Structure formats: C-alpha cells, structure tokens
Amino acid sequence: MKKITIVLFLAAGALSLLGCNNHYQPKEQPLQPMQQSYQGVLPCADCSGLETSLFLDEDGTFILQETYLGGKDGDRAYASYGSWARTADKLVLTDNNGEKRYFHPQGKDLELLDQSGAPIDSTLNYRLQPVEKKLPNTPMPLRGSYRYMADAAVFKDCATGKTFPVANNLALEQGYAKAGAEGGEPVFLMLNGHFSVQPSMEEGQMEKALVPDGQIRFDKNQNCASR
C-alpha cells in the first residue's frame, strides 16, 4: 500500500511540473480585444526620428506606417500590411513578406522588442502609446486575387487570406477585362493601395475596403504561391 502511495505521489508531481513548463511556453493565443491604434516616435539611425503608427483590426490584420523624419529628402512615409497574433507576453506582427516584428504590452502601451523578440537594452524611447487615429492613406504593395462581377469587385489578399471590397476603379476593371477573365473568375493582381473604412452595401454599416493607388498588374499565370 505504501509503494502505491509513493508512485501516485511521484506521478502527481511529474504532471505538476509538466503543467508548469507548459504554462511558460509562448503559445499563440486567440485574438483578444486591443486598442485599435498606437503611435510614437522611435529612434532612427539616419533621421531625427521614426514616427510609427500601428493599426490593429479585430479581424487579425494590421497596418504599420513609418515616417522617417528630418531625412535628407524630407519626411518619407512607408506602410506595410499583414497579420497580428498574441502569445503569452508578446504581440507578433507578420507582414506580407513574412518578416516579423515583436512588441511587449506595457500597461496600455506597446514596447518594441528586437528582431529576436527580446527586450532592447537602451534608455531611448521604444514605446507606442494608444491614440485615436484614422487608417493611413500611404500606398503599399499588395498581392492577391481580384474578381469583378455584377458591378462589384473584391480582392483576396495573399498575406492574410482576408477578402475586401474594392473601391470603384476604372483601371482595375479594364485590366481585368484585358486579362481575359470571364464570369467573376479570380485573377492574380499586384498593385499599390491602401485601406479605408467606408459605408457598406448594408445600410448603416461600415466596412474596410481596398482603395487602388496605381502600379496595377494582372497576371493569369501567377498566384499567391508565386514569387
């Protein structure tokens, strides 16, 4: 009887230790409600500051705008797009090129981590603070499939697999027709564009739509797996 008791005690201890080890593993968690937008000026090696604006959507997508302040050619803004996820202690951004950035929630703020996801040992500011701000209109390169049918167009993004309505654009309609698409057939599309929150077809509803900015190229021989 004493041997059985000892075996059970050791088994319970092993399970307890296993549970503790699993608890500290940075496993991805379901999307949680977060502040929609953050902003701050981060250190910059070749400019006076990197004005950074981060926009998180409840659908798991993000938009990151970075403006290089005080450069030789003046202020220059760039934007990127992709998906976000939470681990036990990090916010992970994965852009449309597969590159990752890491932030650590600090109260209501977000603190930028290094490329490996570790804290940055510095006295400089690496924090973004919550703000109320609209989505930027800075053009960014996008890849996906485009369909046009019944006077309505939709774009399915390669990076996130999300589908968005497309603002009316004659150049897109003409390019789609020249590509030989018929009957709402999806065709691979590369373009520069940005996202905007606009009224939807449903009365009183708003939705995020893709607004084309140029550099439009259709290719029926490519898909999201092509590089």
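Numbers here are sequence positions counted from 1. Keep in mind the model is a prediction, meaning the values are calculated, not measured. Heavy-atom basis, side chains included; hydrogens, waters and symmetry copies ignored.
Shown here for Asn125 and Pro43, the closest heavy-atom pair between the two residues is O-CD, 2.9 Å. Taking every heavy atom of both residues into account, Trp84 and Thr61 meet most closely at CD1-O, 3.1 Å. Residues Glu207 and Pro199 share a closest heavy-atom pair of OE2-O, 4.2 Å. Contact detail for Asp157 and Tyr81: the closest heavy-atom pair is OD2-CE2, 3.0 Å. Taking every heavy atom of both residues into account, Pro105 and Leu110 meet most closely at CA-CD2, 4.0 Å. Val131 and Ser37 get closest at one heavy-atom pair: O-OG, 2.5 Å.
Here Val154 is tied to no hydrophobic group at all, with no ILVMFWY side chain closer than 4.5 Å. Hydrophobic cluster membership of Phe188, counting Ile, Leu, Val, Met, Phe, Trp and Tyr whose side-chain heavy atoms lie under 4.5 Å apart directly or via other members: Met190.
More than 12 heavy-atom neighbours from other residues, nucleotides or ligands sit within 6.0 angstrom of CD on Gln198.
Taking the side chain as every heavy atom from C-beta outward, Leu56 and Tyr38 approach each other to under 4.5 Å. With contacts defined as side-chain heavy-atom distances shorter than 4.5 Å, the pair Phe103/Leu93 qualifies. Here the side chains of Leu128 and Leu42 are in contact, with some heavy-atom distance below 4.5 Å. Contact check for Pro136 versus Ile63: side-chain heavy atoms found under the 4.5 Å cut-off. Between Phe155 and Leu172 the shortest side-chain heavy-atom distance does not fall below 4.5 Å. Looking only at side-chain heavy atoms (C-beta outward), Tyr146 and Leu191 stay at 4.5 Å or farther from each other. Two residues are said to be in side-chain contact when any heavy atoms from C-beta on lie closer than 4.5 Å; Asp121 and Asp114 fail this criterion. Side-chain contact between Asp75 and Tyr68: absent, with no pair of heavy atoms (C-beta onward) separated by less than 4.5 Å.
Note: Lys162 NZ to Asp57 CG = 9.0 Å, rounded to the nearest 0.5 Å. Atom CD1 of residue Ile120 and atom CD of residue Gln115 lie 9.5 Å apart, to the nearest 0.5 angstrom. Note that CZ of Arg76 and CG of Leu69 are 10.5 Å apart. Values are rounded to the nearest 0.5 Å. To the nearest 0.5 angstrom, Gln39 atom CD is 12.0 Å from Glu132 atom CD. The CG atom of Leu142 sits 9.0 Å away from the CG atom of Leu189 when rounded to the nearest 0.5 Å. Taken to the nearest 0.5 Å, the CD atom of Gln65 stands 9.5 Å off from the CE atom of Met140.
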Requested in this report: Verify side-chain contact (heavy atoms from CB on, under 4.5 Å) between His194 and Asp213, making sure each step is shown before the conclusion.
Outcome: CA-CA 7 Å; His194 68 275; Asp213 291 312; 2.8 Å; yes

Report task. Would you check, one step at a time, whether the test side-chain contact (heavy atoms from CB on, under 4.5 Å) holds for Asp95 with Leu64? Result -> CA-CA 9 Å; Asp95 68 17; Leu64 180 68; over 6 Å; no

**Report entry** Verdict with supporting geometry, Val211 and Asn137, side-chain contact (heavy atoms from CB on, under 4.5 Å)
**Finding:** CA-CA 9 Å; Val211 180; Asn137 57 9; over 6 Å; no

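Using a cut-off of 4.0 Å between Lys/Arg side-chain N and Asp/Glu carboxylate O, Glu66 and Arg101 are scored as salt-bridged.
Val197 is connected to Leu210 through a chain of hydrophobic side-chain contacts under 4.5 Å among Ile, Leu, Val, Met, Phe, Trp and Tyr, so both are in one cluster. No continuous path of hydrophobic side-chain contacts links Tyr176 to Leu170 [ILVMFWY only; heavy atoms under 4.5 Å]. Under the 4.5 Å side-chain contact rule for hydrophobic residues, Leu124 and Leu112 share a cluster. Note on Phe164: it clusters hydrophobically with Val187, by side-chain heavy-atom contacts below 4.5 Å among ILVMFWY residues. Phe218 is connected to Val166 through a chain of hydrophobic side-chain contacts under 4.5 Å among Ile, Leu, Val, Met, Phe, Trp and Tyr, so both are in one cluster.
The ring of Phe55 has its center no closer than 6.0 angstrom to the ring center of Phe195.
Every pair passing salt bridge (charged side-chain N to carboxylate O under 4.0 Å, His left out) that includes a residue from residues 170-193 is listed here, sequence neighbours excluded: Glu185-Lys220.
Thr163 and Lys156 share no donor-acceptor pair across their side chains, judged by distance under 3.5 Å alone.
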